[in-house]
Structures are given as structure tokens and as C-alpha cells.
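These notes concern the structure reproduced below.
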Amino acid sequence: MALITMDGVQLEITSVSAPEESRAPQRQPVVFLHEGLGSVAMWRDWPATVCRATGRSGWVYSRRGYGQSSPAPEKLPPDYLHREAWDILPALLDRLGVAHPVLLGHSDGASIALLYASRFPVAACIVMAPHVMVEDVSIESIAQARDAFQDKSNGLRQRLARYHADVDGAFWQWNDAWLNPAFRAFDIREDCRHISAPVLAIQGVDDPYGTMAQIDQIPLPQGQITRLPLQGCGHSPHRDQTQLTTQAIAEFLAPLD
């Protein structure tokens, strides 16, 4: 783990090496974009698993306010996903010398991946449980997460504290942003029309934070987007269906080598 400073903000970042036998300069690295309560550590060893399976290197970072990165402002604006995708991520990738990444995002990170790909060149875009618009089920589940975080007997706060230097800041910046009435207007379906790269969209059938509409309504033509619904899977395909998700990603990226 290392810290990189950008405009006075420290971001936690780590690199993942490609397998020695499969290193090839033409293979673009995988950039992992975490969920709304995620961090470098919360990915655990899955980025390394993906890099081994795909023969690519990788970059993993914690957004501001998460993991060991600098604290975030008290309130995230309703367009915080757009700002991350169109301002912060491009600057970070430029700093890393990554021009055409494979973006792999989960939940909020998946929305960031789609937004980035709508304006900047990418080799491919892989999204797990993306949010392309706000559904009632999303708001209901996020409100339930708020109640669970405040319930001292639940243990949610203690579990998250293992992964975030400022667990309260990490939780409330995400929760308050989503429960802000202004966030109900969030809808990136029209932005997605501008994506030119191939897209793999993975959605758990049992996801409490979003329905299949989240991938079904990404307005890209058949042949450009591959939609993968996963049975027996909730909001985290890489944890709930690790083998199937990793295999699907490897098969999706293989023709791009």
C-alpha cells in the first residue's frame, strides 16, 4: 500500500503485478473502482485473482474519504459520481501513466466506470451491480443500512472500521449523498450512449440495492454490451459468485489481448 498526493489530497493506492508468464505490453491494466463503502482492503485478494486470470497488471485505490485516503468534505454533492469520473479519475490515471484502462467497477465504482467511459477512451468497461438510475429499492436498502450502522448491537460499524481510518466519515458521506432528495434525479442512461468500448455488465438477481433494470437499461447495442445475470447472487458478484464472475471477466477480456 502507498499514498499518492494529488492537489493536497492523499489517496491510498496499490499496484498488482501481471503474472510473469503473461506480461505483454499491449495488455492494458485493470483499474478497480470500489463500491460506496469500499476501499483497497475491502477488495481483499480478488484484484490479484483477476490479474492472474487475465494476465494483466492492476491498480487499486481508495477514493477520498475511504480506506486510508484523506478525509472527504462533510457533504458529498449530488453529482459526486460525475466529479469522480470526469475530474479525479482522469487526473489519477494521467499521474499513473494509464491511457486506455480496463475499468472494473462495483456499485458506485461501476457507475463511475460507465461515466468515465462515456467521455474518455477505455479498452473495456466491466461493471458489477452498477447504478444507472435511482430505484425505490436502492433508497430503501440504503435507509436500512443507515439504521443498521446506528444500531450498536448490529456490528456493522465495527466491521467497517477494520477497513476505514474514519469509518463514520466513510459511511455518512455515502449514506447522506444517496438519501439526499436531490440525488433522486441521478440518471446516467443518456451518458452511457456515448460509450464506444465493449462493456460487460454483471448483476445479481437477488441484489437488494438494484433490480435487473440497472443493466437491462444501459442503452448500448447487442454486440457491444454483454449482460450477465447471476442467480444466487446479491450486491457483490465478486464475493457471492467469485468463480463465475472471475471466469466471465477473463473470457470477456481474452479477445482484447
Side-chain angles (χ1 to χ4, degrees), residues 1-3 9-14 32-47 60-81 83-84 88 105-112 128-131 133-186 202-211 214 230 232-242 245:
M1 188 272 290
L3 293 172
V9 176
Q10 289 190 319
L11 297 180
E12 176 189 22
I13 191 164
T14 188
F32 294 82
L33 305 171
H34 65 74
E35 63 188 292
L37 291 175
S39 67
V40 167
M42 283 190 72
W43 285 109
R44 301 180 184 176
D45 62 350
W46 192 64
V60 191
Y61 80 102
S62 297
R63 298 193 296 276
R64 185 177 183 180
Y66 298 98
Q68 304 306 309
S69 294
S70 294
E74 290 186 7
K75 296 288 185 180
L76 289 177
D79 64 345
Y80 77 98
L81 295 171
R83 294 187 184 191
E84 185 73 29
I88 299 171
H106 173 220
S107 190
D108 274 19
S111 303
I112 292 167
M128 304 183 299
H131 302 288
M133 74 283 194
V134 178
E135 296 181 282
D136 289 342
V137 66
S138 307
I139 299 302
E140 292 166 4
S141 292
I142 289 169
Q144 290 171 7
R146 175 197 59 201
D147 297 341
F149 189 79
Q150 292 176 314
D151 182 354
K152 294 182 179 179
S153 67
N154 180 278
L156 176 60
R157 184 182 183 281
Q158 290 78 7
R159 292 193 297 275
L160 289 173
R162 302 171 192 164
Y163 302 104
H164 302 288
D166 178 9
V167 65
D168 293 298
F171 181 85
W172 290 115
Q173 68 169 346
W174 164 77
N175 199 262
D176 286 348
W178 269 85
L179 296 183
N180 182 342
F183 193 75
R184 290 304 297 255
F186 175 82
I202 305 172
Q203 180 73 28
V205 172
D206 303 317
D207 186 350
Y209 288 92
T211 70
Q214 295 291 346
L230 289 179
C233 181
H235 189 57
S236 302
H238 58 300
R239 291 194 286 266
D240 298 343
Q241 293 287 356
T242 304
T245 300

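In terms of heavy atoms, Asp240 sits closest to Gly234 at OD2-N, 2.8 Å. The two residues Pro130 and Ser111 have their closest heavy-atom pair at C-OG, 4.3 Å. Pro71 approaches Arg64 most closely through the heavy-atom pair O-NE, 2.8 Å. For the residue pair Ala177 and Tyr80, the shortest heavy atom distance occurs at CB-CE2, 3.7 Å. Closest non-hydrogen pair, Arg184 versus Asp136, comes out as NH2-OD1, 2.7 Å. Listed here is the closest heavy atom pair of Tyr163 and Ala41: CD2-CB, 3.7 Å.
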His131 vs Trp178, side chain to side chain contact (heavy atoms under 4.5 Å, CB included): CA-CA, chis, key distance, verdict: CA-CA 11 Å; His131 302 288; Trp178 269 85; 3.6 Å; yes
Please test Asp108 against Arg63 for side chain to side chain contact (heavy atoms under 4.5 Å, CB included), starting from the C-alpha separation and ending with a verdict. CA-CA 11 Å; Asp108 274 19; Arg63 298 193 296 276; 3.8 Å; yes
Please assess Ile13 against Val40 for the test side chain to side chain contact (heavy atoms under 4.5 Å, CB included), listing each intermediate value before the final yes or no. CA-CA 7 Å; Ile13 191 164; Val40 167; 6.0 Å; no
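Atoms OH and CD1, from Tyr61 and Ile88 in turn, are 7.0 Å apart once rounded to the nearest 0.5 Å. Atoms CZ and CG, on Arg146 and Asp151 in that order, are 13.0 Å from each other to the nearest 0.5 Å. The CG atom of Leu179 sits 8.5 Å away from atom CH2 of Trp172, with the distance rounded to the nearest 0.5 Å. Rounded to the nearest 0.5 angstrom, Leu3 CG and Ser70 OG are separated by 7.5 Å. Rounding to the nearest 0.5 angstrom, the gap separating the CG atom in Leu37 from the CG atom in Leu160 is 5.5 Å. Put simply, CD1 on Ile202 and CE on Met128 are 6.5 Å apart, with the number rounded to the nearest 0.5 Å.
Between the side chain of Gln203 and the main chain of Gly210, a donor-acceptor pair closer than 3.5 Å is present. No side-chain donor-acceptor contact under 3.5 Å links Gln173 to the backbone of Pro73. Although no hydrogens or angles enter the test, the distance criterion places no donor-acceptor pair under 3.5 Å between the side chain of Asn154 and the main chain of Phe149. Between the side chain of Ser138 and the main chain of Val134, no donor-acceptor pair closer than 3.5 Å is present. The backbone N or O of Val137 sits less than 3.5 Å from a side-chain atom of Ser141, completing a donor-acceptor pair. Here the side chain of Thr14 pairs no donor or acceptor atom with the backbone of Val60 at under 3.5 angstrom. In this structure a side-chain-to-backbone donor-acceptor pair under 3.5 Å is present from Gln214 to Met133.
Exactly one residue among Trp46, Trp43, Tyr66, Trp174 makes a ring-ring contact (aromatic ring centres under 6.0 Å, His included) with His34. That residue is Tyr66.
Side chains of Glu12 and Ser62: a donor on one and an acceptor on the other come within 3.5 Å. Side-chain atoms of His235 and Ser107 include a donor-acceptor pair closer than 3.5 Å.
With salt bridges taken as basic N to acidic carboxylate O contacts below 4.0 Å, one links Arg157 and Asp168.
Looking at Phe183 and Leu81, their side chains come closer than 4.5 Å, going by heavy atoms from C-beta outward. Side-chain atoms of Met42 and Arg162, non-hydrogen and from C-beta on, never get closer than 4.5 Å to each other.
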